[in-house]
**Student:** 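Below you will find the structure I want to go over with you.
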Amino acid sequence: MERIAERSGVPPARIFGVASFYSQFRFEPVGLHIIRVCEGTACHVQGAVDVAEAICDELGVAEGGTTEDGKFTVEPVACLGCCSLAPVIMIDEDTFGRLTPEQARSIVRNYGTARDEGGAKA
């Protein structure tokens, strides 16, 4: 941010204000794969809390956190727009719906291995 401030002539505080307002700007590194867990009403009613807990337990990380190996970041989101598939998660650009906690664990457990080795979607 300091480099941007120097080059643009905009005060660092103003740049920080903009960067901290938008969720797309990050202040910490994120994982190779971003797991978005929908917390919208439909997903919540269908068990999204249990799905999120299963994913976080499987990865050993809290919501909003990144695994120590840098493979996954678990990110709660307000809505993924797939209400008819509730509960839903997205990993990168792949959508998984009608999940049970055990299905979510299995997807996460197998996702990185298949993807990182150039294999097919889990």
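FYI, side chains are in, hydrogens and waters are out, and symmetry mates aren't considered; it's all heavy atoms of this structure.
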**Student:** Tell me whether the rings of Y111 and F96 are parallel (<30°), tilted (30 to 60°) or perpendicular (>60°).
**Tutor:** perpendicular
**Student:** Begin from the C-alpha positions of I89 and L99 and carry the test side-chain contact (heavy atoms from CB on, under 4.5 Å) through to its verdict.
**Tutor:** CA-CA 8 Å; I89 65 170; L99 295 174; 3.5 Å; yes
**Student:** May I have the step-by-step check of side-chain contact (heavy atoms from CB on, under 4.5 Å) for I34 and I91, ending in yes or no?
**Tutor:** CA-CA 6 Å; I34 307 293; I91 305 179; over 6 Å; no
**Student:** Does D94 offer a backbone N or O that forms a donor-acceptor pair with the side chain of D92 under 3.5 Å?
**Tutor:** no
**Student:** Is there a side-chain contact (heavy atoms from CB on, under 4.5 Å) between I35 and L59 once you walk through the steps?
**Tutor:** CA-CA 11 Å; I35 302 173; L59 296 174; 3.7 Å; yes
**Student:** Closest approach of P87 and C43, non-hydrogen atoms and distance?
**Tutor:** CA-SG, 3.7 Å
**Student:** Within the structure provided, determine whether T95 and L80 are in side-chain contact (heavy-atom separation under 4.5 Å).
**Tutor:** no
**Student:** M1 versus P12: any side-chain heavy-atom pair under 4.5 Å?
**Tutor:** no
**Student:** Assert yes or no for the condition that the ring centre distance of F16 to F27 is strictly below 6.0 Å.
**Tutor:** yes
**Student:** When hydrophobic residues are tied together by side-chain contacts of less than 4.5 Å, even through go-betweens, does L32 share a cluster with V30?
**Tutor:** no
**Student:** Considering non-hydrogen atoms only, spot the tightest contact between A104 and V51 and give its length.
**Tutor:** CB-CG1, 3.7 Å
**Student:** Return the minimal non-hydrogen interatomic distance between G64 and P76, and the atom names on each side.
**Tutor:** N-CD, 3.9 Å
**Student:** By the side chain to side chain donor-acceptor pair (under 3.5 Å) test, which pairs, at least two apart or in different chains, include something from residues 42-66?
**Tutor:** D57-R105, E58-R105, E58-R109, T66-T73
**Student:** Looking only at heavy atoms, what is the nearest atom pair of C38 and A48, with distance?
**Tutor:** O-CB, 3.4 Å
**Student:** Would you mind listing every salt bridge (charged side-chain N to carboxylate O under 4.0 Å, His left out) that reaches into residues 21-36, with sequence neighbours excluded?
**Tutor:** R26-E75, R36-E75
**Student:** Restricting to pairs with a member in residues 3-15, which pass side chain to side chain donor-acceptor pair (under 3.5 Å), not counting sequence neighbours?
**Tutor:** none
**Student:** State, with a plain yes or no, whether a side-chain heavy atom of V37 is found less than 4.5 Å away from one of V74.
**Tutor:** yes
